[in-house]
Structures are given as structure tokens and as C-alpha cells.
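Indexing begins at 1, ligand by ligand and atom by atom, following the structure's order.
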Amino acid sequence: MARISLDHLAHAYKPDPQGPQDYALKEIDHVWEQGGAYALLGPSGCGKTTLLNIISGLVHPTRGRILFDDRDVTDLRTEERNIAQVFQFPVVYDTMTVRENLAFPLKNRNVPSSKIAPRVEEIARLLDLTPVLDRKASNLTADMKQKISLGRGLVRADVAAILFDEPLTVIDPHLKWQLRSTLKEIHRALDITMIYVTHDQTEALTFADKVVVMHDGAVVQTGTPEELFERPAHTFVGHFIGSPGMNILPCRLDGMTAYIGDDPVILQRTYPELASQRQVELGIRPEFVSVQRTGNGLPARLKRIDDIGRTRIARVEMAGRQLAASVPENFSLDGDEVSLIMDPHRIHIYADGHLLPGEPTTGGHQ
Ligand code: ADP
Ligand code: MG
């Protein structure tokens, strides 16, 4: 077991990288604390598998180091790193029984058979594989084979970390939530660092205590699910997390007022650090925009209302921009003229995509 540190790590698949565009993984410094449940979340192609394979040793980084506690493992082979990895598609030995497949990582490490048997039984029970333990893996469904792969990843209790690379891709949707909670339970029971790669925010937010969000080869934010929701450090995080994501509106700042088109929004903070040539945007989640029939809010036009299961979302147009706003179940209107109120405490200001901390105003005077 170990704390895993990435020190100025970067990777280019090209042999002679010139600029940032040649790097699949831009420079990253990050510490995975021992025992943490992490999700690595980002869209397809953003570098998640590359990062995972560098941690496990399947890919050697172009630059930087990987440390397990204080030991530099950058040049160690996969087998020497003591990492378990579960891939997107099942890796099982078809000619072996399920029991033999699960026992394999332990046998390989010369664990005595008296210890192997109970451990295999325990993992089989956790994954509902007990009834098929003595069947050949070749005759099982893709679902079952992937459960065996998960079992092979989980069976060794002495690993530094377990890495899951989109492990539920081939799993039937109704089994997915069940396996996700099984993995969470196993994490609680075992105190092993787990890094779970996914492009699905629901999977990430339900599994992880800490979510690492990647975009275009870079980590843009690391935080708890609440932090990612409350205070997205980058417009990408605001937009990618939430359903629908954060409204991101180009604006112009003047003191404590943001202008969206010609419409003023009063802010709670000032942004003296802002250089004038940067692209400034206002971010607010749909949950914090309220749609009213009349009033002195921002004038907007209601386009339609979408029912998305637990909530209803109003789609409105304001100053030529599209916005989403959560509305109550019984929300109804005559006509499409509306007035929008943005909760000033929930507004964030971004420059070139990055969150500006801003400064609180003193004494509440303007
Ligand atoms: P993710 O797992 O987030 O979908 P990957 O780490 O697989 O992303 O890929 C990141 C980028 O690196 C992509 O642009 C991909 O095309 C590129 N890439 C991945 N593997 C290789 C490889 N073996 N050779 C060259 N380019 C690769
Ligand atoms: Mg991948």
C-alpha cells in the first residue's frame, strides 16, 4: 500500500514533441493519498488511459517521475510495482475455471493455497460469482467475464493500488449500479487506494470521495463532488458536471457589475486582478437561476420546458444567449416574457476558462 505521487509528469506518444499540442498528457503534479477512492473523469481522448498506464508501468512517461511513498518507481516494470489493473474489456483465461482465474494472481505470487481458497471464496461472494466458481470461463457472458476481471483485480489484498479503466463499459445497465456499490463497499473494507477511470459523471460522483477532472490532457480540478458542483475551477468542469451543466455567459465587468449584453448583474466580489484582454465569462448553475413572470430581473424569453426526470428545466434566451434554469414541478406561464433572478452568491467569474477568486467587498457598501 502506498501514497502515489506524480512529479512533473508528462507524456507524448510522438518521439520528438515540439509544443503542448504534441502531449497526450500535459504536465501534471498530483498525489493520490493511501486508501483514497478516486475517480478520474473526463471525455474520451483526454488522456485518462495514458495516465493510468503510466501509473501501472505499461507506458513510460516522456518526462517526470512516479513515486510510491518515497520510492521512485518510474523505471520499474509493471510486475515490480505491485499494482492491480482492470481494463475496459475482460481479460480472463478461457480454458480455466472461474475459481482458477480468480486464484491466478495469488498463485503467481506464491501465496500458500491455504490462504488462496478462502480469499477466492470471499471475492466470489462479493461479486456474486459463487454459483459459477467451477465453470469454465469460456462459456460465460461478457458481463460475467468482466466480473471475473474485476475479481482478479480485487483478489490481492497487498497491492499498492487498484486501477479500474472504465470497467463497467460492457456491463448491462441494470447491473452497473449494483457493481458500483459493490466496488464502493470493497473499498471501505480493504483500505486500498482505488483509481476509477470513467467518462460518466454519475459513475464518478457515486464511487469517489475525490474526483480528478481531466480535459485535453490536463487535470483541471481535483475535489469532492460538492466542490466540483459548488465551485468549478474551470468552465469545462462547470459545463461537464451537472445535468444540465453550468450556464457560461460571456460578459464585461465594470466594478461590481457584470454586463451580459447590456443587462447588468450585480456581483458580490470585485476582480481587480483581471487583465483587460482576457475572455471574461459569468458562470451560474441552472439550480441558482430563478424564472419569474414579472419583476426587475433580467429580461428573457422562455423557449420551452424540458422534463428531465427528477427536475424540470426551463430553456430561456437572454441577450441572444441560451440559458437553462431549474423550475418547480408546478411551474406554468402565460406568454414567454420572463424575468430571471441569479443568486449573486452562486455566480462565478472566469477569465480564459479559469475561475477568478475575486475579492470580497468590505462592509457591504459600494
Ligand atoms: P482516454 O482514455 O481519456 O480516452 P487516452 O489516454 O486513450 O484517452 O488517449 C489520449 C490521447 O492520446 C488521444 O489523443 C489518443 O489518440 C492518443 N493515444 C492514446 N494511445 C496512443 C498510442 N498508443 N499512440 C499514439 N497516440 C495515442
Ligand atoms: Mg481510455
Side-chain angles (χ1 to χ4, degrees), residues 4 6-30 32 37-66 73-75 77-78 81 83-92 142 145-146 149-150 152-153 161-171 173 176 179-180 183 193-208 210-223 225 228 232-241 245 353:
I4 300 174
L6 310 179
D7 173 26
H8 294 81
L9 199 73
H11 187 69
Y13 286 102
K14 284 191 173 177
D16 186 21
Q18 301 299 319
Q21 72 282 1
D22 289 342
Y23 282 83
L25 200 64
K26 307 204 171 85
E27 189 165 296
I28 152 171
D29 276 291
H30 182 76
W32 314 85
Y38 291 95
L40 188 54
L41 173 69
S44 177
C46 72
K48 305 181 297 294
T49 296
T50 302
L51 181 52
L52 221 57
N53 288 346
I54 289 175
I55 294 173
S56 67
L58 293 173
V59 169
H60 191 273
T62 309
R63 288 205 317 265
R65 303 184 305 158
I66 306 120
V73 301
T74 317
D75 295 323
R77 288 177 294 123
T78 305
R81 291 195 191 186
I83 290 268
Q85 191 165 3
V86 179
F87 299 92
Q88 206 168 356
F89 298 101
V91 180
V92 296
K145 286 189 182 178
Q146 186 64 353
S149 281
L150 282 167
R152 286 160 46 98
I162 308 179
L163 314 181
F164 300 96
D165 195 350
E166 313 220 22
L168 305 185
T169 307
V170 298
I171 301 280
K176 266 188 187 175
L179 277 176
R180 218 158 54 211
L183 287 179
T193 310
M194 293 190 181
I195 305 175
Y196 185 104
V197 166
T198 177
H199 63 267
D200 178 334
Q201 58 162 318
T202 313
E203 276 189 25
L205 300 179
T206 50
F207 172 76
K210 274 261 169 82
V211 182
V212 178
V213 185
M214 284 186 75
H215 170 51
D216 195 17
V219 171
V220 286
Q221 188 168 9
T222 300
L228 300 180
H234 194 279
T235 49
F236 175 78
V237 179
H239 192 72
F240 194 66
I241 290 186

With a 4.5 Å cut-off on side-chain heavy atoms, are Leu40 and Trp32 touching?
yes
Any protein heavy atom at under 4.0 Å, with atom 20 (N) of ligand 1 as the reference point?
yes
Below 4.0 Å from ligand 1: does a non-hydrogen atom of Gly45 turn up there or not?
yes
shortest atom 8 (O) of ligand 1-to-protein heavy-atom contact is with Gly47 N, 3.2 Å
Nearest-contact summary for atom 18 (N) of ligand 1 - protein heavy atom, Å
Tyr13 CE1, 3.3 Å
Side chain to side chain contact (heavy atoms under 4.5 Å, CB included) partner of Val86, the single match among Val91, Leu163, Leu150:
Leu150
Taken in chain and number order and not counting sequence neighbours, the residues that satisfy side-chain contact (heavy atoms from CB on, under 4.5 Å) with Asp216 are Lys26
Sort by chain and number the protein N/O/S atoms found under 2.8 Å from the Mg ion (ligand 2).
Thr49 OG1
With sequence neighbours excluded, tell me which residues meet side-chain contact (heavy atoms from CB on, under 4.5 Å) with Lys14.
Asp22
Under 4.0 Å to a heavy atom of Thr50 - the qualifying atoms of ligand 1, by number
5 (P), 6 (O), 9 (O), 10 (C)
For Phe240, ring pair (Phe, Tyr, Trp, His ring centres under 6.0 Å) partners two or more places apart:
Phe236
Any protein heavy atom sitting closer than 4.0 Å to atom 15 (C) of ligand 1?
no
Hey, looking at atom 7 (O) of ligand 1, which of Asp216, Ile54, Thr49 has the closest heavy atom?
Thr49
Side chain to side chain contact (heavy atoms under 4.5 Å, CB included) test vs Thr169 passes for just one of Gln88, Lys176, Gln146, namely Gln88
Mind listing the closest non-hydrogen atom pair of Asp75 and His60 along with its distance?
OD1-NE2, 2.8 Å
Go through the steps for Arg65 and Thr74 under the test side chain to side chain donor-acceptor pair (under 3.5 Å), then give the verdict.
CA-CA 5 Å; Arg65 303 184 305 158; Thr74 317; 5.9 Å; no
Between Gln221 and Val212, is any pair of side-chain heavy atoms under 4.5 Å apart?
no
Please walk me through it: do Gln85 and Ser56 pass side chain to side chain donor-acceptor pair (under 3.5 Å)?
CA-CA 7 Å; Gln85 191 165 3; Ser56 67; 2.7 Å; yes
Please confirm whether Ala24 comes within less than 3.5 Å of ligand 1 when only nitrogen or oxygen atoms on both sides are compared.
no
